[in-house]
Amino acid sequence: MAHPTVSRRDFLKVSSTAGAGLMIGVFLPVKERLIDAGLVSGQPFEPNAFLAINPDNTVAITVAKSEMGQHIRTSLPMIIADELDADWSQVKVTQADAHPDKYGSQGTGGSGSIRRSFGKLRKAGAAAREMLIEAGANEWNVDKSECAVSNGKVIHKPSGRQFTFGELTNKAASLPVPEDPPLKSPKDFKFIGKSMPGMDTRSRVNGAAKYGIDVQIPDMVYATVVRCPTFGGKVKSFNSRAAKKITGVKDIFEIEEGVAVVGTNTWAVVKGQRAADIKWNHGKFAKWNSSRIRTMMKKKGLGNAVVAREEGDVAKAQQDADNVLEMAYEVPFTSHATMEPMNCVAHVMNGKCEIWVPTQVPQRVQTTAAEALGVSEEKVTVHVTMLGGGFGRRLWADFVTDAVAISKKIGKPVLMLWTREEDMAHDFYRPTSIHKLSSAMTKKNKATSWSHRVIAPSISGQLSPERFSEGQLDRSAVNGASNVPYEIPNILVDYVMTNTEVPVGWWRSVYNSQNAFANEGFIDELAHAAGTDPYKFRLKLLKNSPRHVGVLNLAAEKTDWGKNLGKGRGRGIAVHESFGSWVAHVAEVTVNSNGNFTVDRIVGAIDCGLAVHPDGIRMQMESGIVYGLTSTLKGEITIKDGAVAQSNFHEFELLRIDEMPKVETYIVNSHEAPGGAGEPGLPPVAPAVTNAIFDATGIRIRKLPIRPEDLRV
Amino acid sequence: MAKYTLTVNGKKHRVNVEDDMPLLWVLRDELGLTGTKFGCGRGFCGTCIVHLDGEPTRSCMIAVGNANGSKITTIEGLSPDVSHPLQKAWIDEEVPQCGYCQSGQIMTAAALLEQKTNPSDKDIDVAMKMNLCRCGTYQRIRKAIHRAAKEI
Ligand code: FES
Ligand code: FES
C-alpha cells in the first residue's frame with residue numbers, strides 16, 4: 001500500500017494500492033483512537049473498503065451487512081452511488097467477509113442498516129466524487145469549479161471534455177481526502193428515493209442465488225445434528241451400529257450439544273439419525289409445560305416489579321378514581337421459522353477454519369468458532385452467503401458450533417444442516433408474555449392513569465445472567481411499553497422477569513410485538529369506555545406526537561375511516577413507534593356467525609423519515625404485516641414435557657396465499673433522517689386486527705393467537 | 001444402491017443411489033442442482049417443487065426409485081436466460097425477498113399457467129396455497145402470475 005492519506009478529523013480514509021485505484025472506507029473511531037493513543041501503528045492504514053473505483057471503471061461497493069430479503073445490497077450501494085453520481089450499471093456489489101477492523105459491526109438487525117450508516121455512506125460517496133473532480137481538473141489544468149460529475153464521468157463543463165471514473169481513479173487516489181465534502185441537496189438525488197431494481201432479484205428467480213445450504217466445496221461431507229428435545233437435557237445413549245448400517249453414513253458421534261451424524265449425502269444422515277435411536281436424559285425441565293409456565297408467570301406478576309417509567313402518582317389516581325379498568329393481555333412463544341433451516345459449512349484444517357454461513361452476525365460467528373477451536377480470530381475466515389430469512393434467528397451462532405465441532409473431528413469440510421424438526425425444536429423463541437394494564441377512570445370515563453406491567457422472560461437475562469437477574473430491569477423488555485406515547489397524567493410501567501429454560505431471542509421487532517399488542521388493545525378499550533371513536537381518541541392523547549398523528553391520519557384517510565362497512569364487518573386501528581419509524585395500520589375484518597373470520601384488508605402508513613428505497617420499504621411493510629398476521633392468527637409455540645410441542649409446518653402453521661388480505665402501504669413524505677423499515681410494520685398488526693374484531697362483534701381479544709372459539713358467543 | 005436414469009432439464013443423468021432417496025437430495029447433493037430448496041422435508045412447504053413429467057411435484061416426497069426414467073424440470077431449467085414470462089414478471093414485480101421459497105413458487109405457478117392460461121384469483125389460491133413464504137410475498141406473487149398470464 002502506497003501513501004495512505006488519512007483525514008484525522010473526519011471518518012473517511014483513502015488508500016491506493018499501486019494501479020488499483022481509489023478506495024474509500026468509512027472511518028472506524030475505535031481504531032483511530034488506538035492510533036492516537038499510540039497503541040497501534042498508524043501507517044500503513046488499511047481502509048474500510050466500502051467503495052473502490054477500479055481502473056476498469058467499475059464502482060465496487062462492498063456491503064458488510066447481510067442480505068436476507070431486505071434488499072440491503074441494493075439500498076446501501078444506492079446511497080454511495082448517488083453522492084458519487086455513478087452510472088448504476090457501473091455498480092458492482094460484493095459481500096464482505098467478517099472483518100471487524102475493516103467494517104465495524106457487521107451485525108444486521110434492529111432495522112438499522114440504513115439509519116445507522118446513511119450519513120457516513122453519503123460522505124464516502126461525496127468524498128470520492130470530489131477527489132475524482134479534482135483529479136480531472138488537475139489533468140486538464142483547469143479550475144475545479146469548471147468541472148462536474150455526471151453518470152460516471154468527470155466533465156469539464158466549458159470544453160465538454162470528459163474522463164471516465166476509471167481513467168482518473170489512480171490519480172484521485174493520491175489526493176488528500178476532503179474534510180467535509182459537500183453533500184447533494186435532496187432535490188438532486190438520482191437514486192435515493194427511487195425504487196431501483198433489486199441487485200439480487202435475477203438470481204432469486206433462476207435458482208442461482210447461493211444460500212448457506214447451497215455451498216458445495218470439494219471433498220465436502222454432509223452432517224446433521226440432533227439435540228435433546230427437552231431444554232437442558234443431555235444425550236444418554238444411541239445406537240451407532242444401527243446408524244452406520246445405513247448406506248452413506250460415515251460416522252456418528254456425540255458433540256457438546258447433541259449427536260452428529262456424518263455421511264455422503266443429506267438423506268443418508270437423516271436416515272442415520274432416525275436409525276440411531278437416540279435416548280436422552282431429559283433433565284429437570286421435563287416437568288414443565290406451557291400451562292405451568294403461565295401459572296408461574298401469573299404468580300410472579302403479583303409480586304415485586306421493577307419500575308421502568310413513573311410519572312405522577314398512579315396509586316393516588318386509582319384511589320381517587322370512580323372506577324379502575326384492569327385487563328390482562330397475553331402472547332405465546334413463537335418461532336422464527338426461516339424458510340431456510342439453520343445450516344453452516346465449516347472446514348477446519350491446520351489450526352485454521354473457513355466458514356460459509358447464512359448469518360446476521362459474521363463477527364459473532366468468527367469469535368464463536370475461534371473460541372470453540374481455541375485459536376485467534378484471524379485464523380477464522382467467515383464468508384457470508386445469502387440468507388433464506390433471518391428475522392433475528394440468525395443473530396445467534398449456536399449452529400455454527402455444531403459445524404465447527406464436526407469438521408474438527410473428521411478433518412473434512414462439512415455442510416451441517418438441521419432438519420426442520422430440529423430448527424423448530426431449537427429456536428430462540430419470541431418471549432411469551434403477560435401484560436397487566438389498568439387505568440383509573442373518572443365518572444365520565446376519562447382515563448387519569450395508565451399502568452402497564454410487563455411479565456416476560458428476559459433475552460438479556462438469559463444471555464448474561466450476571467448482569468440481568470430477576471428483580472432487575474431489562475430495558476429491552478419494556479421497549480414499546482415504557483415509551484407509550486399517550487398523554488395521560490399518571491403513568492407507571494414496570495417489569496417482572498420470568499425466565500425459564502426455554503431459550504428466548506430477538507424475534508422480528510423484539511418486545512415491541514408484545515407491548516404494542518397490549519398498549520394498542522388497551523387504549524382501544526379506553527376509547528370504547530369513553531364512548532369515543534378510537535382513532536379520534538388516540539389523536540386527542542397524541543397532541544405532541546406529530547409523527548404518530550401523521551401515520552394515523554394517513555391510514556385513516558386511505559380507509560375512509562368512519563364509513564360503515566356493513567354487517568359482520570369491522571375496522572380497527574393501531575399505531576406504534578419502533579426502530580426510528582412510526583407505523584399505523586387499519587385492519588378490516590369479516591366475522592361470520594360461527595366465529596370464523598377473515599382479515600380482508602390491511603392498510604399501513606409508515607413514517608420512516610427520508611425513504612431511501614421506497615419499494616424496499618413497501619416490501620418490508622408487506623412482509624412485516626404477513627409476519628405479524630401469522631403470529632396473530634396462528635404460529636404458536638407451546639411447551640410439553642419441557643420440549644417444544646410443534647415439529648414442522650403442519651403444527652406450526654404459517655399464513656398462506658389464500659389467507660392473505662389485501663395490503664396497501666403508504667409512505668409519509670419526509671426529509672427527516674431515515675428510520676428503520678424491517679421491523680416497524682409488525683407491532684401494530686395484531687392490535688389493528690383485534691380492534692377490528694371488536695368493532696365487528698363487540699368481543700375483545702386479549703390473547704394471541706386468535707381462535708375461532710374466542711369469537712363464538 | 002441402484003442405478004437410475006433421470007432426464008433433468010433435458011440432460012440425461014445416471015445416478016447410483018439408495019432407492020428411497022428423495023428426488024430432492026438427488027438433485028441437490030448428487031447433481032449439484034441447488035436451485036431446488038429444502039424447507040420441511042415432509043411435503044408441507046413447497047420449496048422443493050419441480051416438474052415431474054410436467055406435474056408440479058414435491059421432490060422431498062418422491063423417492064428416486066419412483067422417478068426412474070422421468071423427465072424432470074427444475075428452476076434451473078425453466079428457461080435458459082431468465083426469459084420465462086413468470087421469471088420476467090417476478091423481476092418486474094420485485095417479488096422475491098429472501099428468495100428462498102421462490103424456486104418452488106415459480107415452479108408451481110409455471111405448472112398452473114400450463115393448465116390455465118388466464119387463472120383467476122381463486123385458481124391462484126388453489127394452486128399456490130401449499131407454497132409457504134415466510135417473507136410474506138404472496139400479494140406480489142399473485143400480481144406477478146396475473147402479469148405473466150397476460151404475456152403468454
Ligand atoms: S421441502 Fe418438500 S414440501 Fe417442504
Ligand atoms: S421470499 Fe423469503 S421465504 Fe419467500
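What's counted below: heavy atoms across the whole structure, side chains too, no hydrogens, waters or symmetry copies. What you are looking at is a predicted structure, and each value in this text was computed from that prediction instead of being measured. In what follows, every chain begins at residue 1, and chains take the letters A, B, ... in the order their sequences are listed.
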Determine, step by step, whether B:D29 and A:W267 satisfy the side-chain contact (heavy atoms from CB on, under 4.5 Å) criterion, reporting the C-alpha distance in whole Å, the side-chain angles of both residues, the deciding distance to 0.1 Å, and the verdict. CA-CA 9 Å; B:D29 297 355; A:W267 182 238; over 6 Å; no

Identify which of A:D200, A:T419, A:L417 forms the greatest number of heavy-atom pairs closer than 4.5 Å to chain B. A:L417

Ignoring hydrogens, what is the shortest heavy-atom contact between A:F649 and B:C45? Give both atom names and the distance. CD1-CB, 4.0 Å

In this structure, CE of A:M339 is separated from SG of B:C101 (nearest 0.5 Å) by 6.5 Å

Would you name the heavy atoms of A:G207 and B:S103 that are closest together and state the gap between them? CA-OG, 4.3 Å

Are any of the side-chain heavy atoms of A:K271 and B:M21 separated by less than 4.5 Å? no

Should A:D658 and B:K122 count as an ion pair when the cut-off is N to O under 4.0 Å? no

In terms of heavy-atom proximity below 4.5 Å to chain B, should A:Q70 be classed as side chain, backbone, both, or neither? neither

Side chain, backbone, both or neither of B:K37 within contact of chain A (heavy atoms, under 4.5 Å): side chain

Chain A contact via B:E30 - side chain, backbone, both or neither, heavy atoms under 4.5 Å: side chain

A side-chain contact here means heavy atoms from C-beta on lying under 4.5 Å apart; do A:P197 and B:E94 qualify? yes

Mind ranking B:D121, B:V82, B:T36 by heavy-atom pairs under 4.5 Å with chain A and telling me who comes out on top? B:V82

Show the nearest heavy-atom pair for residues B:R42 and A:S647, with the distance to one decimal. NH1-OG, 4.0 Å

Closer than 3.5 angstrom, by distance alone: can the side chain of A:S623 be matched with the main-chain N or O of B:G136 as a donor-acceptor pair? no

Residue B:L33 versus chain A: region with a heavy atom under 4.5 Å: neither

Heavy-atom pairs under 4.5 Å with chain B, option from A:R202, A:E659, A:R204, A:R420 with the top count: A:R204

Part of B:W90 within contact of chain A (heavy atom distance under 4.5 Å): both

Pairing of B:R140 and A:D615 as salt bridge, 4.0 angstrom limit: yes

Within a strict 4.5 Å, meaning less than it, do heavy atoms of the A:Q620 and B:Q97 side chains meet? yes

Side chain proximity check, A:K210 to B:T34, heavy atoms < 4.5 angstrom: yes

Would you give the length of the straight line joining atom CE of A:M660 to atom CD1 of B:I124, rounded to the nearest 0.5 angstrom? 13.5 Å

To the closest 0.5 Å, what do you measure between CZ (B:R142) and NZ (A:K662)? 11.5 Å

Measuring from atom OG of B:S83 to atom CG of A:N206, what distance do you get when rounded to the nearest 0.5 angstrom? 10.5 Å

Taking A:M386's backbone N and O only, do any of them form a donor-acceptor pair with B:Y100's side chain (distance below 3.5 Å, no angle check)? no

Are the side chain of B:Q87 and the backbone N or O of A:V205 linked by a donor-acceptor pair below 3.5 Å? yes

Is it possible for you to check whether B:R134 lies under 6.0 Å from the centre of the six-membered ring of A:Y627, through NZ or CZ, and within 45° of that ring's axis? yes

Heavy-atom distance under 4.5 Å to chain B: side chain of A:S203, backbone, both or neither? neither

Short side-chain to backbone donor-acceptor contact, A:R656 and B:N131, under 3.5 Å: no

Proximal component of A:H71, with respect to chain B [non-hydrogen, under 4.5 Å]: side chain

Spatial distance of atom CG (A:L655) from atom OH (B:Y138) [nearest 0.5 Å]: 6.0 Å

Quick one: closest heavy-atom pair of B:C98 and A:L387, and the distance? CB-O, 3.4 Å

For A:A337, is it the side chain, the backbone, both, or neither that has a heavy atom closer than 4.5 Å to a heavy atom of chain B? both

Do A:I657 and B:I141 come close enough that some side-chain heavy atom pair is under 4.5 Å? yes

With chain B as the partner, which of A:D214, A:V626, A:T201 has the greatest number of non-hydrogen pairs under 4.5 Å? A:D214

Quick one: are A:T266 and B:W25 in side-chain contact, heavy atoms under 4.5 Å? yes

Shorter than 4.5 Å, heavy atoms on both sides: which option in B:L132, B:I106, B:T137 has the most such pairs with chain A? B:L132

Pair count under 4.5 Å, heavy atoms only, with chain B: among A:E653, A:Q216, A:M68, highest is A:Q216

Which is it for B:R28 and A:I213 under the side-chain contact (heavy atoms from CB on, under 4.5 Å) test, yes or no, and what are the steps along the way? CA-CA 10 Å; B:R28 292 183 52 88; A:I213 193 177; 3.3 Å; yes

